[in-house]
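Note on naming: letters A, B, ... go to the chains in the order of the sequence lines (proteins, then strands), and numbering restarts at 1 for each one. In this text, all values refer to a predicted model and were calculated from it rather than measured experimentally.
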Amino acid sequence: MTLKPPKPTFTIRQLNQIQALIITDPKPHILNPLLKTLIQSSNSNTQNAFLIYNQMLHHPLAYNHYTFTYALQACTLTHTHQKGLEIHASVIKCGHLHDLFIQNSLIHFYCVTRNDIFSAHQIFNSIIYPDVVSWTTIISGLSKCGFFREAIDMFAAMNVKPNCNTLVCVISACSGLGSLKFGKAIHGYNLRNFHEDNVILENAVLDFYVRRGSPESARHLFVKMPKRDVVSWTTMIGGYVQRGFCEEAVRVFQEMLQTKETEPNEATLVNVLSACSSISALNLGQSVHSYINSRNGFWVSNLVGNALINMYVKCGEMGMAIQVFNMLKDKDIISWSTVTSGLAMNGYGKQALQLFSLMIVNWVHPDDITFIGLLSACSHGGMVDQGLMIFKAMSVYKIVPQIQHYACMVDMYGRAGHLEEAEAFIREMPCEADGPVWGALLNACRIHGNERMFEKIKQKLIYMKGVSAGTFALMSNTYASADRWEDANKVRNDIRSMRLKKKAGCSWIEMKN
DNA sequence: ATAGGGTTAG
């Protein structure tokens, strides 16, 4: 990655000096900035920051209301939920809960560490005169938690003048909601009320148009932006990928390299690699890989490394995928799972299971998606016994099988020709079978020429509730069987986005209570 | 000396 500026480090001696100050010369206006520097220096200093904070709290002269905002910032930056709750309690105990800066810090803390919009909202409601930061923070929190509509409603309810930051949050809520009407209204508001260039706000607007508007409107905005930075370019590329304009995304990336306006960063590379994966463009993917290698001092993070692995997997180049995998210093669960399912997809079922053993030996804990890869390895490799064993092993890792796992099992039985077992498996499932599950069985009927069962299930599906989701999934499976991975992935993405929407809707009811 | 903002993998 691009070289980051060196962050200040603290020696043990300096830490001791701060600790001595707390006792000998407890002045908050000296100690607080030291605490701030410690927090903002690096994540590895967080424990030291909390140590200093604890000691300051034990000396009534050493801290004041500023101290809590710094401590809360440390929790937010490092996602330290428990410590934040403790700080919240201390704030109450010390009688500082009505400090607006602390309240705003708390709103942000609850949104970021646990997506706890409920607690955040409680704090917000306790503020008598919320300022523009309070409003912006709660709007941002709602939007980040998927309550796009509520974020926009909050914006409409504001009784103080919004600023650029507020607009950034609400326009990103419009992107999330997919409301062209609201988004354009916010864009118009922006043009009428803010005249100075703010590249962050421009990028948020750009993101809205590239994801929700026409590609031309996004392109138009992009071209006439007074200032473009790496995020502007990445937004274009990422947005085009999401919309399925993968060739266009790669073109923008090449344009970025040619114009040399800014250097791509990690996010840019992840997005362009994702474009290459979607269209199985091996040559383009390799050229991105070469570009990465050509950047001296570029440290290949897991994010980029995994994106590379995924690209090679989707292009069927398992050799290269494994080569990148071996290069990664700290392989994470995604690295392992990507290669595992890659092996499965490319017909190396046995090797996928071997890799799983290696993963366990390396103390990497499998998750639900790992098991989807493993089960599909068994189903494509005709390894029914192993598949059953893997399925049972899920409980060892405390993973409750989801509908996708059941679909894999049905697919496994079905492909192996055990149609009766597959049907029995569906009957004994603890949850209702959905489209992909029936689709797997239908597919099996087709492979093994069991027309009687095929017709029976087809009739059943027609009368099923939620046919649209089922039909989608069925299409996904049919595509997959015809080796049209591209279309299958696309349909699967549609399902994924449908599911996300549904989730947000459910939570909204919870919040009202 | 305190709070909020845009792009990131299976």
Query raised in the report: Out of dG10(B), dG4(B), dT7(B), which nucleotide sits closest to the side chain of Ile334(A)?
Result: dG10(B)

Query raised in the report: With respect to the side chain of Cys164(A), which nucleotide from dT7(B), dG10(B), dG5(B) is positioned closest?
Result: dG5(B)

Query raised in the report: Looking at His108(A), does any N or O in its side chain come under 4.0 Å of the phosphate oxygens OP1/OP2 on dA3(B)?
Result: no

**Report entry** Spacing between Ile107(A) atom CD1 and dG4(B) atom C1', to the nearest angstrom
**Finding:** 9 Å

Requested in this report: Tell me which nucleotide among dT7(B), dG10(B), dG5(B) gets nearest to the side chain of Asn165(A).
Outcome: dG5(B)

Query raised in the report: Quick check: are there more than 12 heavy atoms from other residues, nucleotides or ligands sitting under 6.0 Å from NE2 of His59(A)?
Result: yes

Query raised in the report: Touch check for Gln73(A), heavy atoms < 4.0 angstrom, all strands: base, sugar-phosphate only, or nothing?
Result: sugar-phosphate

Query raised in the report: To the nearest Å, how far apart are Leu167(A) CG and dG4(B) C1'?
Result: 13 Å

Report summary line: The nucleotide from dA1(B), dG4(B), dT2(B) with an atom nearest the side chain of Val133(A) is dG4(B)

Query - Nearest-0.5 Å distance, CD of residue Gln354(A) to CG of residue Leu358(A) - result: 9.5 Å

**Report entry** Nearest-neighbour nucleotide for the Asn163(A) side chain, dA3(B), dG4(B), dA1(B) considered
**Finding:** dG4(B)

Query raised in the report: With a 4.0 Å cut-off on heavy atoms, is Ser341(A) in touch with a base, just the backbone sugar-phosphate, or nothing at all?
Result: nothing

Query raised in the report: Would you find a donor on one side and an acceptor on the other, under 3.5 Å apart, between the side chain of Asn190(A) and the backbone of Ile186(A)?
Result: no

Report task. Using a heavy-atom cut-off of under 4.0 Å over every strand shown, decide if Leu206(A) touches base, sugar-phosphate, or nothing. Result -> nothing

Requested in this report: For Asn32(A), answer base if it contacts any base atom (sugar-phosphate contacts may also be present), sugar-phosphate if it contacts only those atoms, and nothing otherwise; contact means non-hydrogen atoms under 4.0 Å.
Outcome: base

Report task. Please work out if Thr234(A) contacts a base, only the sugar-phosphate, or nothing of the nucleic acid, heavy-atom cut-off 4.0 Å. Result -> base

Query raised in the report: Counting N and O atoms only, with roles assigned by atom type, does the side chain of Asp411(A) sit under 3.5 Å from a partner on the main chain of Ala407(A), one being a donor and the other an acceptor?
Result: no

Report task. Among the candidates dT2(B), dG4(B), dA1(B), find the nucleotide nearest to the side-chain atoms of His29(A). Result -> dA1(B)

Requested in this report: Classify the nucleic acid contact of Ser134(A) as base, sugar-phosphate or nothing, counting any heavy atom under 4.0 Å across all strands shown.
Outcome: nothing

Query raised in the report: Ile200(A) has a side chain; which of dT2(B), dG5(B), dG10(B) sits nearest to it?
Result: dG5(B)

Query raised in the report: Any sub-3.5 Å donor-acceptor pair from Lys260(A)'s side-chain atoms to Leu257(A)'s backbone N or O?
Result: no

Requested in this report: Test for a donor-acceptor pair under 3.5 Å between the base of dG4(B) and the side chain of Thr136(A), counting only N and O atoms.
Outcome: yes

Report task. Under 4.0 Å between any heavy atoms, over every strand shown, what does Lys331(A) touch: base, sugar-phosphate, or nothing? Just pick one. Result -> nothing

Query raised in the report: Given atom CZ of Phe222(A) and atom P of dT7(B), what is their separation to the nearest angstrom?
Result: 16 Å

Query raised in the report: At under 4.0 Å between heavy atoms, what does Val132(A) touch on the DNA or RNA strands: base, sugar-phosphate, or nothing?
Result: base

Query raised in the report: Of the nucleotides dA9(B), dG4(B), dG10(B), which one has an atom closest to the side chain of Val270(A)?
Result: dA9(B)

Query raised in the report: When you check the phosphate oxygens OP1 and OP2 of dG10(B), does a side-chain N or O of Asn306(A) lie under 4.0 Å from one of them?
Result: no

**Report entry** Whole-Å distance separating the CG atom of Asn104(A) from the P atom of dT2(B)
**Finding:** 15 Å

Query raised in the report: Would Arg295(A) and Tyr291(A) count as having a side-chain donor-acceptor pair, cut-off 3.5 Å?
Result: yes

Report summary line: Separation between CD1 (Ile369(A)) and NE2 (His405(A)), nearest 0.5 Å, reads 8.0 Å

**Report entry** Under-3.5 Å donor-acceptor pair between Thr137(A) side chain and dG4(B) base
**Finding:** no

Requested in this report: Quickly work out the Leu35(A) CG to dT2(B) P distance and round it to whole Å.
Outcome: 12 Å

Report task. State which of dA3(B), dT2(B), dG5(B) makes the closest approach to the side chain of Lys36(A). Result -> dT2(B)

Requested in this report: Could you check how far OH of Tyr53(A) sits from P of dA1(B), rounded to whole Å?
Outcome: 22 Å

**Report entry** Spacing of Glu261(A) atom CD relative to dT7(B) atom P, expressed in whole Å
**Finding:** 19 Å

**Report entry** Nucleotide dA9(B), atom P - distance to NE2 of His289(A) in whole Å
**Finding:** 19 Å

Query raised in the report: Think His96(A) has a side-chain N or O under 4.0 angstrom from the OP1 or OP2 of dT2(B)?
Result: no

